[in-house]
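One structure is given below, encoded as structure tokens.
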Amino acid sequence: MTRREAIERITARLTGLYDAREARNLARLLVAGREGISLSALLTDPGAELRARGAEKPEGLEGLDGTSREKGASCEKGASYGAGELGRLGADVERLAAGEPLQYVLGESEFYGRRFAVRRGVLIPRPETEELVDRIVHSVRGRAGEAGECEPPLRTPLAGRGLRILDVGTGSGCIAVSLALELPAAEVYAADISDEALEVAAENCRRLGARVTLRRADALTDLAEQFPERFDVIVSNPPYVPESDRGAMHPNVRDYEPALALFVPDDDPLRFYRAIAHSGRRMLRPGGRLWFEIYEHAAAQMADMLAAEGYTATEIYRDLFDKERMTCSRLER
């Protein structure tokens, strides 16, 4: 079976749960991931024989259109195909067809030019969070330009030497690890309440060679106690999706990604931001920055809360989808 044939069959199986274009994109990414090649290499040589199918063949799986494949069935459009024909891809396809995110199926996700291990229990990194990392890196390196009052370079020599950064709610560690690798002279710390998340973050530190100090902490109760150090930058992408939005979310997010890292009560949507900002008053050095990824409809409330907590020069930044998605504030003492 060629890569092209595998993509066609997987696309047919996934169309319905996803629209045809997204189904084909998922099929390509799955085949490329299991073949161990880039997407561009796949598109350059789609007629090559599929190597991934050489793995063990899963037993008991139905055909890729939900029916068993009978001996001698044709391979015309609309025919069913046995999952065993695709080798281990067959099991992967069934997981995708059940709604499981591709990143969990592959066990990894790309973020800021690197591949991070992910599995159920940690959020899948998003492009918007890459933008948050990029802004912090530029601020520390002194390339903020005219982005706003919050982003002039931090007054630390040699692009981060002596700088101390804390990532709150680290999950897979994508923010902390990326900052540690982009700013190697900085000391980077990361917190999470989930032991499973801390295990994944530690795995990513090892596989990518990042030096990050990981500690268990609850952002709502004992953050400052677990991190007595003083920081120049605190960054967080905490839970911020209101419970009332749960029903409108795509099932592959709602049913698979950890609710603990996603949802907040409708009557207190800023609870994590408020707690982290309050702790930050004790934890940040004078002139330190507090960065947040935020719910797109909460920018005004965030600005008011941060001002009430004593932060100044709050800037609100839009993401690549033109949604108000990030804030940066300073703490002056």
Tyr112: ring-ring contact (aromatic ring centres under 6.0 Å, His included) partners, not counting sequence neighbours: none
Intermediate values then yes/no, side chain to side chain contact (heavy atoms under 4.5 Å, CB included), Leu132 and Tyr317: CA-CA 9 Å; Leu132 178 66; Tyr317 303 105; over 6 Å; no
ring-ring contact (aromatic ring centres under 6.0 Å, His included) partners of Tyr104, counting only residues at least two apart: none
Within-4.5 Å side-chain heavy-atom neighbours: Glu128 and Lys323: no
Salt bridge (Lys or Arg N to Asp or Glu O under 4.0 Å) partners of Glu110, counting only residues at least two apart: Arg115
Members sharing Leu320's hydrophobic cluster (side chains within less than 4.5 Å): Phe321
Residue pairs passing the ring pair (Phe, Tyr, Trp, His ring centres under 6.0 Å) test where at least one lies in residues 18-42, sequence neighbours excluded: Tyr18-His250
Residues that Asp322 engages under side chain to side chain donor-acceptor pair (under 3.5 Å), provided they are two or more places apart: none
Main-chain N/O of Pro125 paired to Thr129 side chain as donor or acceptor, under 3.5 Å: no
Heavy-atom neighbours of Arg207 CZ exceed 12 at 6.0 Å: yes
Distance in Å, Glu108 CD paired with Ile124 CD1, rounded so as to fall on 0.5 Å steps: 12.0 Å
Other cluster members, Leu220 - Ile/Leu/Val/Met/Phe/Trp/Tyr, side-chain contacts below 4.5 Å: Val264, Phe272
Arg24: partners by side chain to side chain donor-acceptor pair (under 3.5 Å), with sequence neighbours left out: Glu8
Over 12 foreign heavy atoms within 6.0 Å of CG, Leu39: yes
Listed partners of Tyr240 passing ring-ring contact (aromatic ring centres under 6.0 Å, His included), at least two apart: none
Contacts of Arg254 that satisfy salt bridge (Lys or Arg N to Asp or Glu O under 4.0 Å) - sequence neighbours left out: none
For Phe231, ring-ring contact (aromatic ring centres under 6.0 Å, His included) partners two or more places apart: Tyr189
With sequence neighbours excluded, residues passing side chain to side chain donor-acceptor pair (under 3.5 Å) with Asp266: Ser244
Test item: side-chain donor near acceptor, Glu332 and Thr312, under 3.5 Å: no
